[in-house]
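Down below is the structure, laid out as structure tokens.
Only this structure's heavy atoms are used, side chains among them; waters, hydrogens and symmetry mates stay out.
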Amino acid sequence: MYPFRRPRRSRSSQGFLRAIGEARLITPLRSEGGHRRYSRYQLRIAARARELVDQGTPIEAACRIVILEDQLEEAQLEEAQRINAAYRRAAESSNPPAAA
């Protein structure tokens, strides 16, 4: 987890990170001193939301788009893993291991 220190390439300001937190796109952890701490994943999500907002998308819509993109990516990954497992099972059943 990272305390808020804006990376050089990031254009996500502290205020923007708070706004997307209020929109429940990300929920930062808090340090013992009360400072917000963001994971790399959260900062990547924030950067995508920032791109959409910079293109004129309202922040609430940008947050919804990012959530849907993330869900789609997860579903595609699960489907690819399911297909790979089916191929492995088919390959194993057609090529039984040699007896020693």
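Residues Leu43 and Tyr41 are members of one and the same hydrophobic cluster, defined by side-chain heavy-atom contacts under 4.5 angstrom among Ile, Leu, Val, Met, Phe, Trp and Tyr.
Within the model, atoms CG of Asp70 and CZ of Arg44 stand 8.0 Å from one another, a figure rounded to the nearest 0.5 Å. Atom OH of residue Tyr38 and atom CD1 of residue Ile26 lie 5.0 Å apart, to the nearest 0.5 angstrom. Here Cys63 contributes atom SG and Leu52 contributes atom CG; the two are 9.0 Å apart, rounded to the nearest 0.5 Å. Considering CG of Leu72 and CD1 of Ile65, their distance stands at 13.0 Å, rounded to 0.5 Å.
Between Arg37 and Ser31, some side-chain heavy-atom pair lies under the 4.5 Å cut-off. Contact check for Arg36 versus Arg30: side-chain heavy atoms found under the 4.5 Å cut-off.
Heavy-atom neighbours of Gln71 CD from other residues, nucleotides or ligands within 6.0 Å: above the threshold of 12.
Of the possible polar contacts, none joining the Glu60 side chain to the Ala23 backbone as a donor-acceptor pair under 3.5 Å is found. Glu92 places no side-chain N or O within 3.5 Å of a backbone atom of Arg89 that could act as its donor or acceptor partner.
Considering Gln81, Gln76, Arg82 in turn, Arg82 is the only one that fulfils the side-chain hydrogen bond (donor to acceptor under 3.5 Å, both in side chains) rule with Glu79. The one candidate from Glu74, Arg48, Arg64 that meets the side chain to side chain contact (heavy atoms under 4.5 Å, CB included) condition with Glu69 is Arg48.
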Derivation of the side chain to side chain contact (heavy atoms under 4.5 Å, CB included) call for Val53 and Phe16: CA-CA 10 Å; Val53 169; Phe16 183 76; 3.9 Å; yes
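Pairing each heavy atom of Ala49 with each of Leu25, the nearest pair is CB-CD2, 3.9 Å.
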